[in-house]
Amino acid sequence: MATGPDLAGRVALVTGASRGIGRAVALALAEAGADVAVNYRERAAEAEAAAAAIRGLGRRALAVAADVAEGAAVTAMMARIEAGLGPIDLLVNNAGIALRRDIEALTEAEFDRTLAVNLKSAWLCTQAVLPGMRARGWGRVVNISSGAARGSGVIGVHYNASKAGMEGLTRGYAARLVQAGITVNAVAPSLIETDMVRAGSEDYARKVPMGRLGTAEEVAQAVLMVAGNAFMTGQTVQVNGGMQFT
Ligand code: NAP
């Protein structure tokens with residue numbers, strides 16, 4: 001029995017796949033055989049480069065701009081993907097923002113935007129793909145959470161709340177879809193070397209027991225594992241260099 005997933009003939013959507021973790025996940029899914037829609041918010045050149053790399057692996061790819069915090073934008077994005085690649089079998093809710101704020105500095109607008117981009121987007125995208133997954137009796141939803149869902153994190157309480165909410169969404173959907181052939185899991189990275197972490201001035205690697213930042217490819221490995229396992233649902237897989245054990 002093959003241990004890696006065979007995603008040949010499957011269509012995947014990765015939100016926020018122009019760079020960082022999303023890009024690595026999109027490429028890993030393509031290597032496993034999937035055709036991949038590469039969502040992004042504004043960095044079109046990076047997204048087109050990711051799509052070109054996927055095509056270089058022999059898969060179909062489509063770069064699609066959409067602010068996934070907006071319902072109308074998600075509806076339009078889904079229509080474009082369906083027309084271009086076909087119905088979505090595998091959804092990775094990865095798009096996220098990390099506005100670093102102390103308790104006193106956080107504004108209502110920043111709280112709302114963080115919850116909309118990090119949490120509401122996952123609900124919007126999941127709702128959009130579920131009818132098709134149900135009809136075909138197969139689906140995989142993977143939510144990119146964070147160690148901040150359960151631990152203190154380094155960004156702020158708004159970010160903690162958005163990621164804890166994502167894990168609640170994961171378990172809630174998983175329980176309700178358990179007989180539909182659709183699994184819903186979360187992968188929770190901590191301190192991965194991407195623009196999000198590079199933007200901070202701190203030496204984050206010192207916080208990691210393994211003494212280094214993780215790589216986006218190490219997160220992608222966990223996403224592939226979850227996508228390939230039909231008996232695993234409602235779980236959160238931590239990828240964190242030993243920062244936390246849950
Ligand atoms: P990143 O390098 O900052 O990349 C963020 C990606 O999300 C980009 O592709 C960006 O698109 C996209 N994006 C942001 N807002 C969006 C929106 N409203 N609609 C659509 N796309 C949007 O981040 P990353 O480090 O790879 O993080 C990816 C995910 O992992 C996030 O959910 C983050 O919270 C989570 N995470 C990261 C770490 C870490 O250590 N890096 C740890 C825990 C969890 P553009 O390029 O067009 O701006």
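Both backbone and side-chain heavy atoms feed into the values below; hydrogens, waters and symmetry mates do not. Counting convention: from 1, in listed order, for ligands and their atoms alike.
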Does N94 use its side chain to pair, donor to acceptor, with the backbone of G16 at less than 3.5 Å?
yes
So between V38, I192, V154, V92, whose heavy atom ends up nearest atom 39 (C) of ligand 1?
I192
among protein heavy atoms, the one nearest atom 27 (O) of ligand 1 is M196 CE, 3.8 Å
Would you check whether A98 reaches within less than 4.0 Å of ligand 1, judged by its heavy atoms?
no
Passes side-chain hydrogen bond (donor to acceptor under 3.5 Å, both in side chains), Q127 versus Y173? Steps please.
CA-CA 10 Å; Q127 290 292 109; Y173 274 123; 2.5 Å; yes
S121: heavy atom below 4.0 Å from ligand 1, yes or no?
no
Look at atom 8 (C) of ligand 1 and say which protein heavy atom is nearest, naming residue and atom and giving the distance to 0.1 Å.
S18 OG, 3.6 Å
Part of K163 within contact of ligand 1 (heavy atoms, under 4.0 Å):
side chain
Can a donor-acceptor pair be found, under 3.5 Å and without considering hydrogens, that links the side chain of R140 to the backbone of G228?
no
Does the N or O separation between G147 and ligand 1 drop below 3.5 Å for any pair?
no
For T126, is there any backbone N or O sitting under 3.5 Å from a side-chain donor or acceptor partner on N93?
no
If you count the atoms of ligand 1 from 1 in the order shown, which ones are under 4.0 Å from a heavy atom of N39?
20 (C), 21 (N)
Ligand-side contact atoms (ligand 1) for residue partner A17, heavy atom cut-off under 4.0 Å
9 (O)
Could you name the option among A122, A95, A116 that has the heavy atom nearest to atom 21 (N) of ligand 1?
A95
Between A61 and L85, the two heavy atoms sitting closest are N-CD2, 4.2 Å
Contacting atoms of ligand 1, where contact means under 4.0 angstrom from a heavy atom of N94:
28 (C), 29 (C), 30 (O), 31 (C), 32 (O)
Residue, atom name and distance, where the atom is the protein heavy atom closest to atom 41 (N) of ligand 1
T194 OG1, 3.1 Å
Short side-chain to backbone donor-acceptor contact, D102 and E104, under 3.5 Å
no
Which heavy atom of the protein is the closest neighbour of atom 26 (O) of ligand 1, given with residue, atom name and distance?
I21 N, 2.8 Å
Which residue pairs pass the salt bridge (charged side-chain N to carboxylate O under 4.0 Å, His left out) test with at least one member in residues 59-75, sequence neighbours excluded?
D35-R60, D67-R113
Using distance alone, determine whether G22 and ligand 1 share an N or O pair under 3.5 Å.
no
What are the atoms of ligand 1, with element, lying closer than 4.0 Å to any heavy atom of Y159?
33 (C), 34 (O), 35 (C), 36 (N), 43 (C), 44 (C)
What is the nearest protein non-hydrogen atom to atom 44 (C) of ligand 1, stated with its residue, atom name and distance?
S145 O, 3.1 Å
Quick one: which ligand 1 atoms are inside 4.0 Å of a heavy atom on D195?
2 (O)
Would you say the side chain of M196 lies within less than 4.5 Å of the side chain of I21, judging by non-hydrogen atoms?
no
Give the atom numbers and elements of ligand 1 that come within less than 4.0 Å of a heavy atom of A66.
19 (N), 20 (C)
Does any N or O in the side chain of T15 come within less than 3.5 Å of the main-chain N or O of A95, such that one atom is a donor and the other an acceptor?
yes
For residues 215-230, pull every pair meeting salt bridge (charged side-chain N to carboxylate O under 4.0 Å, His left out), keeping only residues two or more places apart or in separate chains.
R212-E218
Looking only at protein heavy atoms, what sits closest to atom 19 (N) of ligand 1 is V68 N, 3.1 Å
Checking side-chain contact (heavy atoms from CB on, under 4.5 Å) for the pair C125/M77: CA distance, chi angles, key distance, verdict?
CA-CA 10 Å; C125 291; M77 170 179 75; 4.1 Å; yes
Which protein non-hydrogen atom lies closest to atom 10 (C) of ligand 1, naming both residue and atom, and how far is it?
R19 NH2, 3.9 Å
Does the H158 side chain pair with the main chain of R101, one donor and one acceptor, at a distance under 3.5 Å?
no
Restricting to non-hydrogen atoms, name the atom on N240 and the atom on S190 that form the minimum distance, rounded to 0.1 Å.
CB-CB, 3.6 Å
Which of the numbered atoms in ligand 1 are under 4.0 angstrom from any heavy atom belonging to D67?
17 (C), 18 (N), 19 (N)
Less than 4.0 Å is my threshold; does some heavy atom of R113 fall inside it relative to ligand 1?
yes
For atom 6 (C) of ligand 1, the closest protein heavy atom turns out to be G16 O, 3.6 Å
Between R134 and A180, is there a donor-acceptor pair closer than 3.5 Å when you use the side chain of the first and the backbone of the second?
no
Regarding atom 5 (C) of ligand 1: of the candidates A188, G96, G20, S190, which has the closest heavy atom?
G96
Out of all atoms in ligand 1, which are within 4.0 Å of some heavy atom of V197? Include the element for each.
39 (C), 40 (O), 41 (N)
With the threshold set at under 4.0 angstrom, would you say E46 reaches ligand 1 through any of its heavy atoms?
no
Checking the side chain of N185 only, and the main-chain atoms of Q235 only, is there a donor and an acceptor separated by less than 3.5 Å?
yes
